[in-house]
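First up is the structure itself, then whatever we jot down about it.
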Amino acid sequence: MRQKLKNRLSRIGWGTFAPPFYWTLTYVLRGLLWCVVSWKVTGRENVPKEGALIIVSNHLNNADPPILGAGIARRRIRFMAKVELFKMPFGAIIRLWDAFPVRRFDSDLGAMLTAERILKRGGVIGMFPEGHRSKTGFMGEVHPGTAMIALRSGATVLPCAMTGTERLRQPLVLARRPEFRIMIGEPIRLEPVRRPTQEQVTELTRRIEAAIQAQLPAKYLPPYTGSEGGRDASNGDCDPGE
């Protein structure tokens with residue numbers, strides 16, 4: 001039955017249903033958020049109205065992608081999602097939401113080419129450059145894949161920051177109307193680089209990381225000690241959501 005459903009939708013084309021499904025889900029979620037949490041979005045005026053765009057953010061909970069999409073609202077985002085989420089039947093929702101798969105922590109050329117095709121058409125992709133959700137609440141190290149795609153495509157990078165969604169690990173917390181915040185920063189505008197150097201990728205990776213961290217409250221930033229900025233592993237199990 002699952003395979004028949006998958007084959008039928010594949011023949012029709014997932015993209016046919018994606019836009020109405022995405023916007024319906026986005027505005028239903030916006031309504032729910034207004035009802036069950038204390039929700040605030042700042043900086044929405046920073047979202048470019050057109051052109052290739054990569055939206056990046058820290059990652060606290062599996063619900064972050066649709067919540068971030070509801071916060072942005074002005075443009076439809078195609079999120080890069082781990083390939084494990086595309087297994088049926090749940091995978092049908094992920095596909096209808098117009099996400100595309102990526103093999104995490106791997107040189108996934110297919111995902112990179114898909115992202116570049118979307119951006120070439122002036123679309124929007126969403127990425128969590130840490131590569132996975134934070135288990136501690138602290139923002140983790142940013143991986144270079146986002147910077148590579150941004151440089152090759154010349155797409156604008158829009159740094160965002162999210163707080164509060166880590167509390168969804170305990171669903172009963174919704175009874176207390178937790179605070180969710182989405183901060184949208186200033187766009188980072190780039191020119192396309194056909195063959196980015198390692199130095200260019202490293203520089204932009206650091207710039208993206210700094211732009212996200214600059215919007216986060218201190219309790220979401222990893223602790224540092226010493227003049228070299230090394231992380232204090234002894235405090236690494238602290239959860240800002242507690």
Taking [Y] as the starting point, is it possible to reach [X] by hopping between hydrophobic residues whose side chains are less than 4.5 Å apart?
X   : Y   : value
V28 : V37 : no
L96 : I93 : yes
W23 : L32 : no

Minimum heavy-atom distance [X]-[Y], with the two atoms named:
X    : Y    : value
A70  : T26  : CA-CG2, 3.7 Å
M148 : P196 : SD-CG, 3.8 Å
L29  : P66  : CD2-O, 3.3 Å
I72  : C160 : CD1-SG, 4.2 Å
P65  : F128 : CG-CE1, 3.6 Å
L60  : G164 : CD1-N, 4.2 Å

So, do [X] and [Y] sit near enough that their side-chain heavy atoms are less than 4.5 Å apart?
X    : Y    : value
V83  : V102 : no
F138 : L221 : no
L174 : L168 : yes
W97  : F79  : yes
P101 : K82  : no
T146 : T205 : no

Legend entry - All side chain to side chain contact (heavy atoms under 4.5 Å, CB included) counterparts of T197, not counting sequence neighbours: E199, Q200
For [X], enumerate each residue passing the side chain to side chain donor-acceptor pair (under 3.5 Å) test, keeping only those at least two apart in sequence or located in another chain.
X    : value
Q198 : T202
T42  : none
S134 : T136
E203 : none

Inset, instruction - Without swapping roles, check the side chain of E130 against the backbone of G140 for a donor-acceptor pair under 3.5 Å. - result: yes
Pairs under 3.5 angstrom only: tabulate donor-acceptor contacts from the side chains of residues 178-195 to other protein residues two or more places apart or in another chain.
unit_1, atom_1, unit_2, atom_2, d
R181, NH1, S38, O, 2.9

Please output the side-chain donor-acceptor pairs of residues 110-118 that fall under 3.5 Å, not counting sequence neighbours, one pair per line with the distance.
unit_1, atom_1, unit_2, atom_2, d
T114, OG1, G110, O, 3.0
T114, OG1, R117, NH2, 3.3
E116, OE1, R152, NH2, 3.2
E116, OE2, R152, NE, 2.5

Inset, instruction - Kindly state each residue pair satisfying salt bridge (charged side-chain N to carboxylate O under 4.0 Å, His left out) with at least one member in residues 24-33, sequence neighbours excluded. - result: none
Legend entry - salt bridge (charged side-chain N to carboxylate O under 4.0 Å, His left out): pairs with one or both residues in residues 66-79, sequence neighbours excluded: R76-D98, R78-D98
Legend entry - Apart from L172 itself, residues in the same hydrophobic cluster as defined by side-chain heavy atoms under 4.5 Å: none
Legend entry - Connected-component partners of V173 among ILVMFWY, side-chain separation under 4.5 Å: none
Legend entry - Contact list for residues 47-69, test side-chain hydrogen bond (donor to acceptor under 3.5 Å, both in side chains), sequence neighbours left out: H59-D64, N62-R133, D64-T165
Inset, instruction - With I77 as reference, evaluate I54, I55, I125, L53 under the side-chain contact (heavy atoms from CB on, under 4.5 Å) test and give the passing residue. - result: I55
Inset, instruction - Would you sort out whether Y220 and E166 count as a side chain to side chain donor-acceptor pair (under 3.5 Å), showing the intermediate values? - result: CA-CA 11 Å; Y220 286 89; E166 74 280 357; 2.7 Å; yes
Inset, instruction - Kindly check if the number of other-residue, nucleotide or ligand heavy atoms within 6.0 Å of CZ (R177) is above 12? - result: yes
